[in-house]
Amino acid sequence: MLDPKYIRENIDEVKEALQKRKEDIDLDKFLELDQKRREYIAQSEKLKNRRNTVSQEIAKLKRQKQDADHLIKEMQEVSKTIKEYDEKLREVQSELNDFLLTIPNIPHSSVPVGETEDDNVVVRKWGEPTKFDFEPKAHWDIGEELGILDFATAAKVTGARFTFYKGLGARLERALVNFMLDLHTTEHGYEEVFPPFMVHRRSMIGTGQLPKFEEDAFKVQGTEYFLIPTAEVPVTNMYREQILDESQLPIKHVAYSACFRAEAGSAGRDTRGLIRQHQFNKVELVKFTKPEDSYDELEKLTNDAERVLQLLGLPYRVSLMCTGDLGFTAAKKYDIEVWMPSYGRYVEISSCSNFEDFQARRAEIRYRPADKGKVTYVHTLNGSGIAIGRTVAAILENYQQEDGSVVIPEKLVPYMGGINKINKL
RNA sequence: GGAGAAGUAGCGAAGUGGUCAUAACGCGCCGCACUCGAAAUGCGGUUGCCCGAAAGGGCACGUGGGUUCGAAUCCCACCUUCUCCGCCA
């Protein structure tokens, strides 16, 4: 959520920013509602002041056993009028709030202006696309031939876009979760959190999934709960409506969770394999920082995520998202993309974003500066560190051998109980 | 799921219709004094939001309604926590 005061005072700048995002939002409507709101507040408060004053007088008269009927009669009228103004105010306020919740974040000045993913800027590459002296296979074929992935059975049991991992496949998934959690807790200083996989509506609004993107979420029938699309939601909302102490910042959490996405609107895309599932595992990094530190922390967070791929020996590149590909909530976002031989290109495996105070405002997460300055919104950041299913896909494809087996990256071998290769049965 | 109790500042807690919500009192925290230094002691300071150029005003006692000239206080609903019972991994 943007600061209403900021929009009011910088209306042209905000309009221009939204245009860069290709967002068509009528900010004049905002100004109009905001104007009305302030009018009603002024009217209502003037009357409340009168009521408070007179109520004291009534109390005084009653104590002196004097007659206060004429004042009480006047106050009956005043109270009625206050109620009318407050009702109008409530309506405008809620309309204004609903409107604010649909305005996306303003891109940071360092974000390239562009329309589609073609305008994203590759900022660095690590490693080279894997070369094979045989015809490499896609991970869904490798996985099925090794008996470690079973899409057909998942379709029978649940439906499309679900998977059974079996045997060493299930073990590989689990090994990656543990490997990443250990890396981020012991080497990068994140505190581990294991969150609820369901949250209520207020939390989904806090991080920006709602109200605009309800069709992307799974709602649990008979409850007001949503399955989390990412651990970002519960972990960021841990600190909702809290005033933190400056000495606590930055707060850094790492969380494993399953993630659930309806994938509405992606019908027909990435239908095979592990790339686009309704349920997948992810290790997520979440940070809360002082405003002046958030862009440094974004670089560090991105590096922390990249480290996973480096240790696994998977070639990747980092792209800076352009204004048109930034998503609703981010002010700046890097995608880390891993080389996927079956796609013949790099595929997103992590998204690292700085939301500045956009989420903090929605979720009311603030901190008290040590110098006793004004209570201020924190900046929130998060990034995948990293998506597990896509990592399995990348390992299967990049580490496949001509005989159909898959070598386990060295760093992962201890987590696989010493197994360094998955062979055909 | 059933029965009961409770939700007020960082924590504990007072306040049961107007004169105590910048919220008594205690603890904690910050500053100052005393001290060679510390402890102890004393003094002072310690919620947030909204409207307003300012002066100033308004709001918030779990949340939302209601009654009333006036609600932390009375009524209703919901949420959360605790205790007991039932069920369950």
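To find a chain, count down the sequence lines: A is the first, B the second, and so on, and within it residues start at 1. Computed from heavy atoms alone, side chains included, the values below leave out hydrogens, waters and symmetry copies.
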Does A:Asp86 pair with A:Lys83 as a salt bridge, N-O distance under 4.0 Å? no

Whole-Å gap separating [atom2] ([N]) and [atom1] ([X]):
{"X": "A:Asn52", "N": "B:G17", "atom1": "CG", "atom2": "C1'", "value": "15 Å"}
{"X": "A:Gln43", "N": "B:G52", "atom1": "CD", "atom2": "P", "value": "13 Å"}
{"X": "A:Asp67", "N": "B:C69", "atom1": "CG", "atom2": "C1'", "value": "13 Å"}
{"X": "A:Leu71", "N": "B:U68", "atom1": "CG", "atom2": "P", "value": "18 Å"}
{"X": "A:Lys60", "N": "B:G17", "atom1": "NZ", "atom2": "C1'", "value": "19 Å"}
{"X": "A:Ile58", "N": "B:A71", "atom1": "CD1", "atom2": "C1'", "value": "15 Å"}
{"X": "A:Ile72", "N": "B:U67", "atom1": "CD1", "atom2": "P", "value": "17 Å"}
{"X": "A:Lys62", "N": "B:G18", "atom1": "NZ", "atom2": "C1'", "value": "10 Å"}

Tell me the partner of [N], counting only Watson-Crick (N1-N3 plus N6-O4 or O6-N4) or G-U wobble (N1-O2 and O6-N3) with both under 3.5 Å; none if nothing fits.
{"N": "B:U35", "result": "none"}
{"N": "B:G70", "result": "none"}
{"N": "B:C27", "result": "B:G10"}
{"N": "B:G48", "result": "B:C59"}
{"N": "B:A3", "result": "B:U83"}

[N] OP1/OP2 closer than 4.0 Å to side-chain N/O of [X]:
{"X": "A:Lys5", "N": "B:G52", "answer": "no"}
{"X": "A:Asn49", "N": "B:G57", "answer": "no"}
{"X": "A:Arg51", "N": "B:G18", "answer": "no"}
{"X": "A:Ser79", "N": "B:G70", "answer": "yes"}

In chain order, what residues pass the side-chain contact (heavy atoms from CB on, under 4.5 Å) check against A:Asn420, with sequence neighbours excluded? A:Val413

Earlier contact from the 5' end, RNA chain B, for A:Gln56 and A:Arg366: A:Gln56

A:Lys73 or A:Tyr377: which one's nearest nucleotide on RNA chain B is closer to the 5' end? A:Tyr377

Residues in ring-ring contact (aromatic ring centres under 6.0 Å, His included) contact with [X], at least two apart in sequence or another chain:
{"X": "A:Phe30", "result": "none"}
{"X": "A:Phe151", "result": "none"}
{"X": "A:Tyr190", "result": "A:His184"}
{"X": "A:Phe328", "result": "A:Phe213, A:Phe358"}

Mind checking side chain to side chain donor-acceptor pair (under 3.5 Å) for [X] and listing every partner two or more places apart, or none if nothing turns up?
{"X": "A:Glu187", "result": "none"}
{"X": "A:Lys219", "result": "A:Glu224"}
{"X": "A:Asn120", "result": "A:Asp325"}

Any chance CD of A:Glu117 has more than 12 other-residue heavy atoms, nucleotides or ligands included, within less than 6.0 Å? no

May I ask you to list the residues of residues 29-37 of chain A, by number, that have any heavy atom positioned under 4.0 Å from an atom of RNA chain B? A:Arg37

RNA chain B contacts among residues 82-95 of chain A, heavy-atom distance under 4.0 Å: A:Lys83, A:Arg90

Any donor-acceptor pair under 3.5 Å linking the side-chain atoms of A:Asp3 with those of A:Tyr377? no

Report, as a single string ordered 5' to 3', how protein heavy atoms within less than 4.0 Å touch nucleotides 72-82 of chain B: B base, S sugar-phosphate only, - not at all. -----------

Does any pair with a residue in residues 235-265 of chain A pass ring pair (Phe, Tyr, Trp, His ring centres under 6.0 Å), and if so which ones, sequence neighbours excluded? A:Tyr239-A:His253, A:Tyr239-A:Phe288

When you get a sec, tell me which of B:C69, B:G48, B:C59 is the closest nucleotide to the side chain of A:Lys48? B:C59

